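Inspection log for the structure reproduced underneath, given as C-alpha cells.
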Amino acid sequence: MTDHHESVSPTPTPHQAVRFSVRAAIWFAGVILPVIAVTVLLIGVFWAQMIHLLTLSAHLVLIASVPLANAQLMITLKSGQPALSRPLALLHGFAIGISAFFTVLFLPVTLGAVLFLPVTLGGVAMIIYFGIGLLLLAPLLSLVAALAARRLLGRRLLGRRLLGRRLLETGRAPLPSAWPGALLALAIVGAMELPTAVTRLGMRMASDKAHATSANGIRLLRYLGNEDIMLRLCYGDGNVGLDLTSSMLMKGPGTSAEEARAVYYRLTGTPFSDVANLHLASSRIDGTLDARAAHGSLEWTMVFRKEKYHWKEARAQVTLPAGAVVTRVTLRDDSGEHEATVAGGAQARAEHENADWSTRPPILVTTAGKDRIMLELRPDQKGSALTVRIAMTAPLVLNEPGLGYLQLPAFSERNFEIPPAWRHAVSVESASALQGAPGMREETGTTLPFAVRGDLAEPLPGVGAAIISALRAPADTQAWSSDPTVQNGAIVQTISQKAARIPRRVALVIDGSMALAAQREQLARAATSFPGNVELGVIVAGNEAPQVFLHDHSESLASVRHLQDITYEEGHDNSAALLMAWEWAAASSDGAVVWIHGPQPIMPRSANALLQHYRQRPDQVRIFALEAVTGPNVLWERMEDVAALSRVPRIGSLHDDLVRLLSGWKPGAQQIVAERRASTDRQPAQEQTSPHLTRLWAGERAALLRAMNALATPQEEEQLRGLEQLQMEKTDTPAPGAQPQAVTGQKAAQAAGMSIVPEPETVLITVVALAVLGWRMRFHLRTPYPASPE
C-alpha cells in the first residue's frame, strides 16, 4: 500500500537575534565613531580659525549620511521588518559610496596608523587615551560596519523568503542593490573634488623644476584644468575652496601665488587676470606743474563700487611718471580713512599674503620696480564704495631747454573692470603755458593762469599714457626748497646741458612673446634708423637659446628681414636673453642694453646671475627698458635696486620711441640733466620753489642707498628711514628714530579675498543631488515595486 503524504510548507521560524557584541560593534564603528569624527572635525576647524567652516559644509553633509544610513539599517535589522525599503536602500548605498571614497582617500594615513600603533609601546593605551588611531580608521571601520550590517540583513531576509510565502506575496525584493546610491555618491564627490584636485596637481607639476614634469603639468592643465581655479590660485591658495583630495594626496607646501601666475602665463601667453567684484566708478587726476623748477605734482582720486555682496581683493599696478615719488596714499571706506606709505616690494607682499587675513591692513602699497607701485585693497566688507587717493611728485622730462613734459600715471595691471567707453577726468594748472594730449582743451586756471582739462580714455596696452607739456624759459636753471632736517638747509637743483654718454656696443633684446606680435612691423622699420657709430646686436627671447644677430650698418635690409622673421608665440622669460646681452655688451668698455618687452609675470630663472653682474660691475652696462605692452613684470621688480636700469618714457608709437632713444647716441648728441644736492649756503629768494623739490631729492637719495646696499649700520638704516619720511606729505613731524608705520586705520579689513563659502558649482551639485535623492525616496514610497521572479 502506498502512503500518500501531503506537501506541507515548513513553518517560518522566528529570526534569530543578532548577538549583542556584534550589534554593539556595528553601532560603534558605523554610527558612533563617524559622529565623533565629524564632531572633532567641526570643533578643530572652528577652534583653529573657522575660515574653512562653510567650505566644509558640503563635505560634512555627505559624511553625515554615513551614520544616518547605518543607524537606519540597524533599526531595520532589530525591528524585524519583512524587507528593506527602496529609499533606505538608496540612502544606504549612498553612504557606502561615501565611506568607500574616504577609505581610499585616507588609505595612506590608515596604513600608517595600522602599522605604527601596534608596534609602539603601549599602542592600545595610546589609542584609548588619544583616540587618534580610531579617528583615522573611521572611514574604513564605517565601511566595514555598513557592509556587515547589510550582510546580516540580507541573510535574514533571504531565510525568510525560503521559509515562508508571506514575503513572496508582497512582491518586494529582499535586499535592493546598493550600486545606484554608491554611484550617485561617487559622482557627487568626484564633481566636488576632481576639478580642484586635478588643477592643483597640474599647477604643482607645471611649477616643478624638472622640464619633463613641468611639460606634463602644462599638458594636464591644458586639457583638464579649471581656468577659474587657476586664476584663484594666482591670488593665493586661500582664495580656493578646500578639497580633501589635494590635502591628503599632495604633501608639502602648495603652489605659491608667484608660481601659479608663472604657470598661467606659460599656459596662455597672457598675464593672469580676474575681474573682481569691483568696478571703477569714477577717476580724476588733478595737478599743478612748475615749469621753472621742472617738476609737477598730481593727485589721482579713484572711486570703486562693488557689484556683489562680498568684496574681492582689488589689485592694481600703477605706472608712475619717470622719476616720480609717491607722497601720500589714502583709502576711505565705511569704517573711516586709512593712510598707507609705500614700503617694501615683493617680499613685503609675500609677508602679508602669508599673514592671517584678520590682521591684514585695508590697503597695502608696495613698490613693484622702478616707477611702479602695487595697490592691494581689502576694504570693509559692509561698504558699497571706497575712495583711493594717490599723491605724487615727478620731475619734468626735458628733451630741450624750453619745453618740459609730464606723463600721466596709468594702470599696468588690474583685476577690476573698466568699461570700454570709460574716461578719466584730468585737470592740470600751471603758471606757464600748457599743451595737453589730444582731447584736452586749454583753459584759464582756477588758481593759476593756465590750465588744460579733458576726459581721457584708458590707454591701450601698446600705447603710452597721455602727456602734458609746459613751456619754460631756458634761462631758468636754478631752483631750491627748504631742507627741514638741517638748520638753514636747502635742496638746490641745477639744470645744465651735457654731452650724452654714447655706448660703444648696444644689445637690442626683443621679447618674443605673443603680446608683441602686433608690434612686428614697427620694430622692423626701426632697423633703418639704427645709429652707425655704435656696434649693435639683436637678441630675441624665445623658445630657442638666445643668439646675437649683428647689425650691418651698410645693409640695413638684413636686419629688417631678421626682425620681420621673429616668431611671436606663447610667453617667454626674458632673463636668459638679458644675461647674454649683458655679457656681450660688457665686452666693450661702455655697453648698453635696450630691452623691448611685454608683460613678464613669470619668475625669471636667470635673474640672480644678471643681478650678480650688476653688483660686481654696476656701471659696466646700462639697461634701458622700453615697455611695448603694459602688464605685470616680475623681472622688473627683481631689478628694482639696479642703478643702471632706467625706463624709457612712452610718448608716441613704439617705432618713434625706439628711434628717439637711439638718436640720442649719435655723434655730438647732447642731453639735459637736472642735478639736486643738499646745501647750507644762502639761496636767492626768487628761486625758491615748493617742498616737492625736496621730496624728489629724498626719493633719489633713498633709491641710491638701496642700490648701493649701504644698510650695513644702524646709522645708515636710520638715514634711509629719515629719507622715506621726508618723501611723504605729513601734517606732523615724526619723532627722531621713530619707526614708520606702514598702515594706520580704525580697524583691519575683513577677509576680502578668502573663499569662505562653498564654490558655486559645489553648492549646485550638492543641491541637485539631494533633490534627486529626495525625489527618488518620495517616488518609491508611493509606487510599489514589481514582484521579484521566483
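It should be emphasised that the depicted structure is a prediction, and the values quoted were computed from it without experimental measurement.
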- [ ] For the pair Asn488 and Arg682, evaluate side chain to side chain donor-acceptor pair (under 3.5 Å) and give the outcome as yes or no after the intermediate values.
- [x] CA-CA 8 Å; Asn488 298 325; Arg682 185 178 181 85; over 6 Å; no

Within a reach of under 6.0 Å around [atom1] of [X], are more than 12 heavy atoms found that belong to other residues, nucleotides or ligands?
X      : atom1 : result
Arg676 : CZ    : yes
Gln686 : CD    : yes
Gln435 : CD    : no

Measuring only between side-chain heavy atoms, which start at C-beta, is [X] closer than 4.5 Å to [Y]?
X      : Y      : result
Phe411 : Val318 : yes
Trp636 : Glu627 : no
Trp595 : Leu635 : yes
Thr694 : Ser482 : no
Glu443 : Ser427 : no

- [ ] Just jot down the side chain to side chain donor-acceptor pair (under 3.5 Å) partners of Trp300, sequence neighbours excluded, or say none.
- [x]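 Trp300 satisfies side chain to side chain donor-acceptor pair (under 3.5 Å) with Ser283 once adjacent residues are dropped.
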
Open item on the list: Go through it in stages, so that I can follow the logic: the residues are Ser589 and Arg504, the test is side chain to side chain donor-acceptor pair (under 3.5 Å), and I'd like the CA-CA distance, side-chain angles, deciding distance and then a yes or no.
Closed with: CA-CA 7 Å; Ser589 59; Arg504 295 180 178 271; 2.9 Å; yes

Task: Residue pairs, two or more places apart or on separate chains, that pass ring pair (Phe, Tyr, Trp, His ring centres under 6.0 Å) and touch residues 470-490 - done: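 Ring pair (Phe, Tyr, Trp, His ring centres under 6.0 Å) check on residues 470-490 returns no pairs.
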
Examine distances only and state if a side-chain atom of [X] and a backbone atom of [Y] form a donor-acceptor pair shorter than 3.5 Å.
X      : Y      : result
Lys370 : Val642 : yes
Gln620 : Ala586 : yes
Asp511 : Ile596 : no

TODO: Say whether Gln688 and Ser481, considering side chains only, have a donor N or O and an acceptor N or O under 3.5 Å apart.
DONE: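 No, Ser481 and Gln688 have no side-chain donor paired with an acceptor closer than 3.5 Å.
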
Task: Gap between atom CE of Met440 and atom CD1 of Ile468 - 0.5 Å precision - done: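 Reported to 0.5 Å precision, the distance equals 4.0 Å.
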
